[in-house]
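Here's the structure, in structure tokens; my notes come after.
We count residues from 1, following the sequence as given. Whatever order the structure lists them in is the order used to number ligands and atoms, beginning at 1.
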Amino acid sequence: MPVYIHAPEEEAPWSMGAASQWWLHHSLTALDQSLRAIKSRLLILKGPAQRALSDLIQTTGATAVHWNRSYEPATIARDTEIKATLRETGIEVDSHIGNVLLEPWTIRNGSGEPFRVFTPFWRACQRTLSTVPAPLPAPRSIAQAKKTPVGVPIADLQLLPTRDWAQGFSSMWTPGEHGALTRFEQFLDEAVNHYAGERNRPDHAGTSGLAPHLHFGELSPRQVLAHTMHITGESSQIKDTGAETFLREIGWREFAHHVLFAFPHTTDQPLDQKFRPFEWRQEPTALGAWQRGQTGIPIVDAGMRELWHTGWMHNRVRMIVASFLTKNLGISWLEGARWFYDTLVDADLAANSLGWQWAAGCGADAAPYYRIFNPILQAERFDPQRDYLRRWVPELAALPDAWIHQPFRAPPMILAEVGLQLGKHYPHPVVDLAASRDRALATWQRLRTPADPLDAAQAAPRRAKGKRAPSKK
Ligand SMILES: Cc1cc2nc3c(=O)[nH]c(=O)nc-3n(C[C@H](O)[C@H](O)[C@H](O)COP(=O)(O)OP(=O)(O)OC[C@H]3O[C@@H](n4cnc5c(N)ncnc54)[C@H](O)[C@@H]3O)c2cc1C
């Protein structure tokens with residue numbers, strides 16, 4: 001009997017965000033439809049999970065309960081308790097690996113510790129990837145239980161937003177297994193070979209868009225591995241650079257789960273303890289401008305508007321907006337992580353915490369804090385024709401390429417020619433880029449103590465240029 005138990009309060013403080021709830025509604029609907037096609041159905045219950053399961057066992061006489069493991073701290077605690085309680089009552093309980101390729105606790109460095117750096121972690125994973133079993137086909141039929149409770153209709157979970165902000169989602173996404181497989185096939189047919197070069201271009205559709213499908217278990221990383229290996233025709237030595245780079249990103253997903261499992265506090269605390277006393281700024285007005293895509297820095301605003309309208313943002317732009325928030329605005333990475341968690345359809349506690357701590361310089365294999373992205377140069381480099389900016393910041397579309405990513409530097413004559421008034425049609429920058437960069441570096445310098453071994457290794461920020469630790473970004 002396939003069962004979904006809705007108990008968002010048990011995931012607190014990281015209960016599912018609004019965009020994920022939209023996805024969940026459609027994903028559950030799709031799952032129910034495909035189960036009905038084989039004369040089964042999805043039973044939906046409301047939590048608490050422990051009580052819902054116990055009632056269900058009593059009604060149906062079930063003797064065993066199975067689920068796929070989740071690695072988030074709150075669900076680990078809950079599931080461990082449920083497992084123990086059910087076993088005490090003689091019920092067979094088993095959890096399975098479904099969300100990752102390798103169990104996070106099985107990969108260890110030479111000292112038996114969890115990894116904090118991606119490249120050696122992924123090398124260690126690659127040595128064992130050949131042991132990952134091939135995915136099994138879906139069952140063709142499911143035996144009917146004699147007594148099945150009615151359950152609650154999906155609509156009763158009230159997952160869909162009451163405001164109309166999710167309108168743009170449906171044209172971009174098809175939640176559910178069918179949507180996941182279609183997108184994956186398209187990616188393998190059309191994009192994977194160019195992935196290595198295209199994955200950094202927010203103006204092109206060069207990435208897979210599989211993150212929400214992977215998060216919701218509509219496609220498993222095991223399926224991704226099997227098909228990606230298949231393209232290359234090799235089982236352990238992947239030569240094709242597109243497929244290899246793509247699989248490496250799946251490796252980052254594994255790494256995120258590895259880090260979260262080993263360091264569960266990193267959902268709310270920096271992995272690097274040195275950052276605990278960091279002086280983050282309280283800037284509610286600037287935070288609001290960042291959230292609404294009204295900072296006056298076009299590439300940042302483009303990303304934040306893409307996120308709002310589609311529930312997704314390109315990875316390169318996630319890095320740019322995160323650097324801008326944490327460094328130019330000096331606002332805590334946790335504020336950014338919370339906003340992303342609420343608005344991304346692929347919101348994932350492991351990947352989101354890793355991504356934000358990477359950007360803020362305080363996490364595993366993180367970009368050093370002093371590496372502050374220049375959003376103007378980033379836009380020039382990764383959106384060379386300014387197509388991405390024109391799409392998401394249409395009020396600047398008439399500006400020539402030389403100024404659209406930096407309208408605040410445009411000569412008044414150019415602004416007048418296109419009828420653009422800064423402060424009226426598009427905001428002035430909420431912060432001066434050069435001054436805020438210097439302030440961020442000064443805050444970072446205050447954090448460092450003379451006893452910090454980093455001092456010896458990393459000299460002054462500007463001199464450290466070109467000597468960064470290896471990193472995927
Ligand atoms: C600040 C910040 C926050 C992020 N928050 C999330 C999040 O909540 N959920 C999420 O899935 N990813 C997150 N990422 C990682 C990455 O941006 C997304 O996985 C990616 O943009 C999803 O698009 P895609 O499926 O087209 O990716 P593709 O480029 O096609 O990559 C394939 C898959 O690899 C995985 N992946 C790729 N990059 C990463 C990464 N850096 N870390 C972990 N997994 C990765 C994803 O599952 C993705 O679907 C974040 C990155 C940053 C910088």
Side-chain angles (χ1 to χ4, degrees), residues 14 16-17 19-20 23 72 99-101 118 121-122 172-173 180 183-184 186-188 190-192 194-202 204-221 223-225 227-228 242-260 267 290 300 303-304 306-307 310-327 333-367 373 378 471-473:
W14 289 97
M16 192 173 281
S20 298
W23 192 285
E72 296 171 8
N99 196 22
V100 287
L101 292 170
F118 173 72
F121 165 81
W122 187 229
M172 177 150 171
W173 305 107
R183 191 176 273 269
F184 188 34
Q186 258 168 13
F187 176 71
L188 294 181
E190 295 162 18
V192 72
H194 310 289
Y195 179 76
E198 288 290 285
R199 59 177 290 269
N200 266 314
R201 291 288 299 270
H204 294 174
T207 69
S208 71
L210 288 173
H213 297 290
L214 282 161
H215 173 79
F216 281 91
E218 300 163 356
L219 178 76
S220 80
Q223 284 169 295
V224 173
L225 179 71
H227 286 275
T228 314
E244 185 185 351
T245 310
F246 179 63
L247 202 51
R248 199 177 150 83
E249 295 308 307
I250 300 297
W252 272 92
R253 185 177 179 276
E254 293 285 306
F255 184 54
H257 285 86
H258 176 81
V259 171
L260 180 61
T267 54
W290 178 83
V300 173
M304 298 309 292
E306 178 182 34
L307 173 62
T310 68
W312 186 84
M313 190 196 298
H314 189 278
N315 181 60
R316 167 60 47 184
V317 192
R318 291 187 201 199
M319 293 193 285
I320 298 170
V321 304
S323 172
F324 181 78
L325 183 81
T326 54
K327 293 166 184 176
W333 61 272
L334 252 179
E335 294 286 359
R338 287 192 191 111
W339 183 254
F340 268 34
Y341 200 74
D342 197 27
T343 52
L344 275 172
V345 288
D346 64 34
D348 179 275
L349 195 53
N352 199 40
S353 308
L354 184 83
W356 274 98
Q357 292 212 22
W358 181 89
C362 59
D365 208 354
F373 279 30
Q378 291 282 318
S471 157
K472 79 170 206 141
K473 316 293 176 187

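Taking the six-membered ring where tryptophan is involved, the planes of F255 and F121 are tilted, since the angle between them lies from 30° to 60°.
In terms of N/O distances under 3.5 Å, ligand 1 is approached by A211. The shortest N or O to N or O distance between W356 and ligand 1 is not below 3.5 Å. Remark: ligand 1 and H314 share no N or O pair separated by less than 3.5 Å (distance only, no angle test). Considering backbone and side-chain N/O atoms, L210 comes within less than 3.5 Å of an N/O atom of ligand 1.
Residue E249 holds the heavy atom nearest to atom 36 (N) of ligand 1 of all those in R318, E249, E198. Ranked by closest heavy atom to atom 47 (O) of ligand 1, the top entry among M313, R253, H213 is R253.
In this structure, G209 counts as a contact residue of ligand 1, since one of its heavy atoms falls inside 4.0 Å of the ligand. At a 4.0 Å cut-off, not a single heavy atom of Y341 sits close enough to ligand 1 to count as contact. Not close to ligand 1: F255, with no non-hydrogen atom less than 4.0 angstrom away. Taking a 4.0 Å cut-off on heavy atoms, W358 fails to register as neighbouring ligand 1. In this structure, M319 counts as a contact residue of ligand 1, since one of its heavy atoms falls inside 4.0 Å of the ligand.
Minimum interatomic distance between L101 and E254 (heavy atoms only, all atoms of both residues): N-OE2, 2.6 Å.
Residue I250 touches ligand 1 through backbone and side chain together, judged by heavy-atom distances below 4.0 Å. Heavy atoms of D348 found under 4.0 angstrom from ligand 1 belong to the backbone as well as the side chain.
You'll find the side chain of W290 stays beyond 4.5 Å of the side chain of E335, heavy atoms only.
Below 4.0 Å from some heavy atom of W312 lie the following atoms of ligand 1, by number and element: 22 (C), 23 (O), 26 (O).
Not counting sequence neighbours, the partners of S323 by the side-chain contact (heavy atoms from CB on, under 4.5 Å) test are K327, I372, F373. Scored by the ring-ring contact (aromatic ring centres under 6.0 Å, His included) test, F184 finds H227 as partners (sequence neighbours excluded).
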